[in-house]
Amino acid sequence: MKRLVMKFGGTSVGSADRILRVAGLVERYRAPETVVVVSAMSGVTDRLEEMAHRTSEGADEASIRSFVEHLRRRHLSVAAKIVELGGRDVRDEIEALLGELEKILVGISYVGELTPRSLDYVLSFGERLCAPLLSAALEARGMPSEWFTGYEAGIVTDSCFGRARPLMELTRERVREVLLPRLRGSIPVVTGFIAGDEKGRITTLGRGGSDYSAAILGAVLDADEIWIWSDVDGILTTDPSLVEDAKVIDVLSYTEAMELAYFGAKVLHPKTIEPAMEKGIPVRVRNTFNPDCEGTLIVSEQEKSDSIVKAISVMRDVALLNISGVGMIGVPGVASRVFTALAQQNINILMISQGSSEANISVVVERGDAERAVEALREEFLGANVVRKVEYEEDVAIIAVVGAGMRGTKGVAARVFTAVASADVNVLMIAQGSSEVNISFVVSSADAERAASALHREFINGG
Ligand code: ADP
Ligand code: ASP
Ligand code: MG
């Protein structure tokens with residue numbers, strides 16, 4: 001292997017010891033040309049988000065200062081340890097970043113308003129504070145290293161703050177210009193999650209987006225492999241916090257991994273697979289705390305596997321919208337108007353289904369988008385005698401059953417719904433025309449864990 005992109009998640013870099021352990025892993029596994037992508041230290045992005053909101057709602061300067069002080073202690077203690085080990089001193093860099101953060105928070109408190117753009121700016125500090133630490137830790141272990149923000153490294157996105165999309169051609173050009181000359185003899189450390197738009201304003205790729213950053217860099221650099229280092233042994237048969245005996249999956253196809261990530265397997269950001277798949281670059285998911293485990297390999301072609309269902313994912317924080325009215329019967333274009341109305345608000349539709357009676361259409365969206373979605377749909381339809389009601393239910397979850405072996409195997413859906421019914425779980429909606437490697441449906445949040453366990457027993461634990 002000549003060129004490798006490795007991404008380390010928040011838990012992998014949560015403390016001085018962990019950052020030093022990561023430096024050891026980079027030393028052990030690096031290829032002749034290696035790029036490291038890093039997230040914020042665990043919990044930092046959550047705290048920045050919470051503080052940004054509190055500030056816009058009137059938190060005073062004292063609480064801003066004490067928040068910044070907390071971040072200062074956490075990051076400076078790591079920086080000091082690296083200096084002890086002979087690494088470069090990044091304490092001034094950290095101080096400068098914290099000064100900048102304090103100023104922007106005070107600014108937000110004066111304006112009393114938090115725009116998506118200023119939120120992205122605040123969130124960027126998690127990764128910006130962490131990257132210099134890891135870069136210095138690599139140097140302390142004898143690997144020359146420089147750090148870059150995603151934008152400095154060349155990742156350019158549109159200006160959709162909060163969930164920006166990369167402009168791939170421009171990104172390819174810039175990343176290659178910046179990073180290729182530096183790959184020999186040095187290991188660039190790039191902040192995950194954050195990038196910049198064409199005007200150079202900081203954007204973020206969406207929560208959990210460091211995985212996506214690694215995949216973007218891997219694709220534009222034509223890397224041989226992309227490795228995602230996390231705190232689990234790989235992609236597991238289901239969320240380990242729901243089912244104790246979830247097992248590691250050795251190999252997954254891009255499509256299977258994409259479906260799992262899309263429907264809630266948090267270990268991979270849903271967009272991670274796409275750039276890798278386009279270039280046919282293998283993605284590996286491995287455990288920082290158990291590096292001897294091979295983890296999960298995600299590739300395009302897959303040898304036949306015995307299992308019909310490989311994994312079950314649960315996606316929470318979604319809402320089910322119901323659009324109904326007898327006036328919809330026989331009226332063409334209702335579904336397309338639903339899509340358009342939601343697309344105009346930049347609302348992502350996760351699932352859609354239309355009853356055969358045509359008198360109702362259900363869509364699932366992220367919970368945070370639900371109210372705006374209802375408003376947009378009411379505005380689009382009400383008063384025209386087509387749609388009578390637009391209602392929504394917030395406390396729901398999507399369960400997805402994923403496996404390429406379902407293709408062409410009869411009776412899988414029957415087994416899925418029998419297992420779910422035997423667990424006494426009511427199915428609220430089933431997706432129409434879901435891909436052949438995935439059966440997904442909606443249940444009430446309270447039933448999600450029970451449904452996932454029942455399916456895990458039925459398909460994975462050889463029930
Ligand atoms: P990182 O900080 O490394 O990006 P994340 O917290 O984003 O890590 O993702 C890893 C977590 O994803 C795991 O600790 C696990 O709780 C959760 N998870 C959910 N579903 C799965 C799954 N199918 N396989 C592995 N982990 C999963
Ligand atoms: N630090 C960011 C987040 O918590 C990005 C990531 O961890 O991938 O969302
Ligand atoms: Mg993550």
Side-chain angles (χ1 to χ4, degrees), residues 6-14 18 22 25 37-50 52 119-120 122-131 149-150 162-164 190-195 202-216 227-250 252 256-272 284-290 293 295-296 298 309-317 397-403 448-449 452 455-456 460:
M6 291 201 257
K7 172 258 169 177
F8 292 91
T11 40
S12 304
V13 292
R18 289 182 177 189
V22 163
L25 291 176
V37 176
V38 72
S39 300
M41 290 171 90
S42 55
V44 169
T45 312
D46 284 342
R47 298 214 50 189
L48 285 165
E49 186 164 20
E50 187 194 308
L119 179 60
D120 273 3
V122 172
L123 294 186
S124 75
F125 283 91
E127 271 70 12
R128 287 160 73 199
L129 286 165
C130 187
T149 63
R163 44 168 95 141
V190 181
T191 61
F193 178 52
I194 62 177
I202 291 179
T203 56
T204 67
L205 306 176
R207 292 301 309 272
S210 295
D211 307 326
Y212 189 28
S213 306
I216 294 168
W227 289 12
I228 306 293
W229 289 92
S230 187
D231 62 348
V232 270
D233 277 344
I235 299 189
L236 307 178
T237 48
T238 192
D239 184 340
S241 65
L242 294 182
V243 176
E244 257 178 28
D245 53 1
K247 300 182 186 59
V248 188
I249 304 168
D250 297 334
L252 277 174
E256 290 170 322
M258 209 147 56
E259 297 281 349
L260 278 176
Y262 182 79
F263 286 113
K266 188 186 167 210
V267 61
L268 274 188
H269 184 275
K271 291 190 189 147
T272 310
R284 274 179 208 280
V285 180
R286 308 190 58 157
N287 191 348
T288 309
F289 305 103
N290 186 16
C293 173
T296 300
I298 306 165
V309 167
K310 291 244 185 86
I312 292 128
S313 67
V314 176
M315 184 176 202
R316 292 184 185 276
D317 297 325
I398 302 176
I399 311 273
V401 178
V402 174
E449 191 168 336
L455 289 165
H456 201 263
I460 313 259

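Computed over heavy atoms, backbone and side chain alike; hydrogens, waters and symmetry mates excluded. Read the numbers this way: they start at 1 and go in the same order the structure lists the ligands and their atoms.
- Evaluated for a side chain to side chain contact (heavy atoms under 4.5 Å, CB included) with S313, the options I399, L260, V401 yield exactly one hit, L260.
- D245 contributes atom CG, which lies 10.0 Å from atom OG1 of T238 (distance to the nearest 0.5 angstrom).
- One finds the CD1 atom of I398 at 11.0 Å from the CG atom of D317 (value rounded to the nearest 0.5 Å).
- Using a distance-only test at 3.5 Å, with no hydrogens or angles considered, no donor-acceptor pair links the side chain of T237 to the main chain of A246.
- Residues satisfying the salt bridge (Lys or Arg N to Asp or Glu O under 4.0 Å) test with D46, not counting sequence neighbours, are R207.
- Applying the salt bridge (Lys or Arg N to Asp or Glu O under 4.0 Å) criterion to R284, with sequence neighbours excluded, gives E225.
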Quick one: ligand 1 N/O to protein N/O pairs below 3.5 Å?
{"residue": "ligand 1", "atom": "2 (O)", "partner": "G10", "partner atom": "N", "Å": "3.1"}
{"residue": "ligand 1", "atom": "3 (O)", "partner": "S230", "partner atom": "OG", "Å": "2.8"}
{"residue": "ligand 1", "atom": "4 (O)", "partner": "K7", "partner atom": "NZ", "Å": "3.0"}
{"residue": "ligand 1", "atom": "6 (O)", "partner": "K266", "partner atom": "NZ", "Å": "3.0"}
{"residue": "ligand 1", "atom": "8 (O)", "partner": "S230", "partner atom": "OG", "Å": "3.2"}
{"residue": "ligand 1", "atom": "12 (O)", "partner": "V267", "partner atom": "N", "Å": "3.4"}
{"residue": "ligand 1", "atom": "14 (O)", "partner": "D231", "partner atom": "OD1", "Å": "2.8"}
{"residue": "ligand 1", "atom": "14 (O)", "partner": "D231", "partner atom": "OD2", "Å": "3.4"}
{"residue": "ligand 1", "atom": "23 (N)", "partner": "L236", "partner atom": "O", "Å": "3.1"}
{"residue": "ligand 1", "atom": "24 (N)", "partner": "L236", "partner atom": "N", "Å": "2.9"}

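- Between C293 and N287, every side-chain heavy-atom pair lies at or beyond the 4.5 Å cut-off.
- Between R286 atom CZ and L25 atom CG the span is 8.5 Å, to the nearest 0.5 Å.
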Where does ligand 2 get N/O contacts under 3.5 Å from the protein, atom by atom?
{"residue": "ligand 2", "atom": "1 (N)", "partner": "T45", "partner atom": "OG1", "Å": "2.8"}
{"residue": "ligand 2", "atom": "1 (N)", "partner": "E127", "partner atom": "OE2", "Å": "2.7"}
{"residue": "ligand 2", "atom": "4 (O)", "partner": "T45", "partner atom": "OG1", "Å": "3.4"}
{"residue": "ligand 2", "atom": "4 (O)", "partner": "R207", "partner atom": "NH2", "Å": "2.9"}
{"residue": "ligand 2", "atom": "8 (O)", "partner": "G208", "partner atom": "O", "Å": "3.3"}
{"residue": "ligand 2", "atom": "8 (O)", "partner": "G209", "partner atom": "N", "Å": "3.4"}
{"residue": "ligand 2", "atom": "8 (O)", "partner": "S210", "partner atom": "N", "Å": "3.0"}
{"residue": "ligand 2", "atom": "8 (O)", "partner": "S210", "partner atom": "OG", "Å": "3.1"}
{"residue": "ligand 2", "atom": "9 (O)", "partner": "R207", "partner atom": "NE", "Å": "2.6"}
{"residue": "ligand 2", "atom": "9 (O)", "partner": "R207", "partner atom": "NH2", "Å": "3.4"}
{"residue": "ligand 2", "atom": "9 (O)", "partner": "G208", "partner atom": "N", "Å": "2.8"}

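- Judged by distance alone, with hydrogens and angles left aside, the side-chain atoms of T272 form no donor-acceptor pair with the main-chain N or O of A215 at under 3.5 Å.
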